[in-house]
Amino acid sequence: MLHIVNKSPYERNSLESCLRLATNGSAVLLIEDGIYGATKGGSFEGKVQAAMAGVKIYVLGPDLSARGMADRVIDGVNVVDYGGFVDLVAEHSNCQSWL
Amino acid sequence: MLHIVNKSPYERNSLESCLRLATNGSAVLLIEDGIYGATKGGSFEGKVQAAMAGVKIYVLGPDLSARGMADRVIDGVNVVDYGGFVDLVAEHSNCQSWL
Amino acid sequence: MFTSSEDMDTDEGGVIKQFMFVNRKAPYGTIYALEGLEVVLISAAFEQDVSMAFIDDGVYELKKAQDTKAIEQKNFSPTYRALEGYDIEKLYVEKESLEARGLTEADLLVDVIVLDRAEMAAKMAEQDVLISF
Amino acid sequence: MFTSSEDMDTDEGGVIKQFMFVNRKAPYGTIYALEGLEVVLISAAFEQDVSMAFIDDGVYELKKAQDTKAIEQKNFSPTYRALEGYDIEKLYVEKESLEARGLTEADLLVDVIVLDRAEMAAKMAEQDVLISF
Amino acid sequence: MKIGVLVNEGPYTHEASDSAYQFTKAAIEKGHEIYRVFFYHDGVNNSTRLTEPPRDDRNIVSRWSELAKAHSLDLVVCIAAAQRRGIMDENEAKRQGKDAHNLADGFRISGLGQLVEAGIQCDRLVTFGD
Amino acid sequence: MKIGVLVNEGPYTHEASDSAYQFTKAAIEKGHEIYRVFFYHDGVNNSTRLTEPPRDDRNIVSRWSELAKAHSLDLVVCIAAAQRRGIMDENEAKRQGKDAHNLADGFRISGLGQLVEAGIQCDRLVTFGD
């Protein structure tokens, strides 16, 4: 299953809820303001690091670059472009957007 | 100063930020989905209780009733109607909406 | 409000999919709960395997004693009780979301199935289509 | 984008008020940062005592190295550097918001005044008008 | 007291416009002067006369129009925000070469300066939004 | 693969419509079939031809219209959501007694059943919103 999160973890509970309800082996893609969840140095980083034991984390490159955060990605998080976003949707049998 | 918060403290950081930046003696009015911050029994109640040492908390009755929470108000929180909302605005020299 | 009958063509060649409508927003502050219900009701005509999940502030949608007179919005909470008549009976509520908000099943206006986070996660993972509000 | 000149009538009888524009949202995910800047620039024509506060995700608005080509939105971050030319020089950034996001002053594209939460709270309390985005 | 109101979200999707309306009505009842209601961001969407809500629901747009008529309210829609979102009066439609316009009775389109000016002129400015 | 796209927010205010557009374009480039793009909630506001964004900004509405034309996309606007928010095609305007309509080229207004049907027909349904 692919989870899509588009909100900053500092503003909303979306990423936290997503990580709480993502089963082991599922994938989480961070887009739009959600990309801040994939960045280093902030107070939410630990939760993402811990989650990476069970789920794969992806982040949308175009949204990272727009926000000037392209050089801050947590090690082990995979950066994808819109084509990669499409591939993730195709590779997983279903998806949920945490609006 | 009057602070107005219209978001659930379980969904967003608005109320938490408001309480962090409200000076002693200021007032906080909870409206719309913000009313959940004025209700008993949830995991955010403690933070509101603690804040009440320094700030006065008000909640908009019409929004409480709409959500079926009229009988759950934390002791010491003042329930006002739209007229009371107007009075709060008039009584304080300025106001900030935590959108 | 819920009487629209456009596109009720249910002849989809017998495909039955698992549809889950995921509700994470409180009522009235935004329209998502109400317009979400509109989709759920329409979906009943397509004879799919439909369920609703109530997570985070979505559990507030089911709170008893809603009275919207003073905000001049329509109280749509009775619609949740009408869902049974549409054969929509799988209303899953996450236990952790209820507890964090100090609510219990007795506070809800309709019978629900309470799932803990692991059960809810498994239920979501097995769906074909998830639509989230 | 920032050239609108409607209602530039600044003859307000010499009243000077303290205006603070409070920015709490990240850029690009929503339009509030951009349309907020539009108000700030217009306000410069009214010769008021204007300041901006950057709190919570609002601090991300000032992050260096924004490059919006791939999302096809306009990069409006250079506008923050142009504010000085409009005599808008009081850009207050909350220290706690920066730290929670792992940012330092060196990450910001313009000179700011960093205030801790108590100083920021005091600054907000003394304003005449607060407009929040 | 002179009060200004800023509405930043459109009708129905967010409660902001409802709250702003109820607040404005209550302020008038309390004897205050509503100097101006300014519609910004998606708030401009409150001013389209093309809405047709379900019969058993409130009509947010015409409710504002009627309140404006009854109390000579100044309802101002930000021109820049309106252009981005497809709100046009007859003049703007002509100027932009559009074949239709949709501004409702009681609203006028003007610049952002009207918001700043309201901040200067009013004793209080109250914001409603998301 | 057959993909459906659901857009729940209007143009400019939220990035949702931008993301949905870029996703749709990329999916087409990858050889997938976009079965339908459904506009719900404030998403219906993507379909008004009255927008006039600043010259140096993207035109979100016409970008959708052009993509639809180039790839025969089915862009469906929910009728109930559209009525609440003031989006009308010529037929609807006539039926509701409105003096104007604003639906842009390439969009059609229809019922919510079209969303459920897309869920049934598509291999994937991807939602963009707030």
**Report entry** Salt bridge present between E:E66 and E:K69 (N-O < 4.0 angstrom)
**Finding:** no
Query raised in the report: Does E:F128 have its ring centroid less than 6.0 Å away from the ring centroid of E:H14?
Result: no
Report task. Would you please indicate yes or no on a ring centroid separation below 6.0 angstrom for E:F39 and E:F107? Result -> yes
Query - D:S132 portion near chain E, given a 4.5 angstrom heavy-atom threshold - result: backbone
Query raised in the report: Should the pair E:D89-E:R108 be classified as a salt bridge under the 4.0 Å nitrogen-to-oxygen rule?
Result: no
Query raised in the report: In terms of heavy-atom proximity below 4.5 Å to chain D, should E:D130 be classed as side chain, backbone, both, or neither?
Result: both
**Report entry** Winner by heavy-atom pair count (cut-off under 4.5 Å) against chain D, out of E:G119, E:A81, E:C78
**Finding:** E:G119
Report task. Measure distances from D:Y32 to the heavy atoms of chain E and classify the residue's part below 4.5 Å as side chain, backbone, both or neither. Result -> both
Query - Contact class of E:C122 relative to chain D, heavy atoms under 4.5 angstrom - result: backbone
Query raised in the report: For residues D:Y28 and D:N75, is any side-chain donor paired with an opposing acceptor at under 3.5 Å?
Result: yes
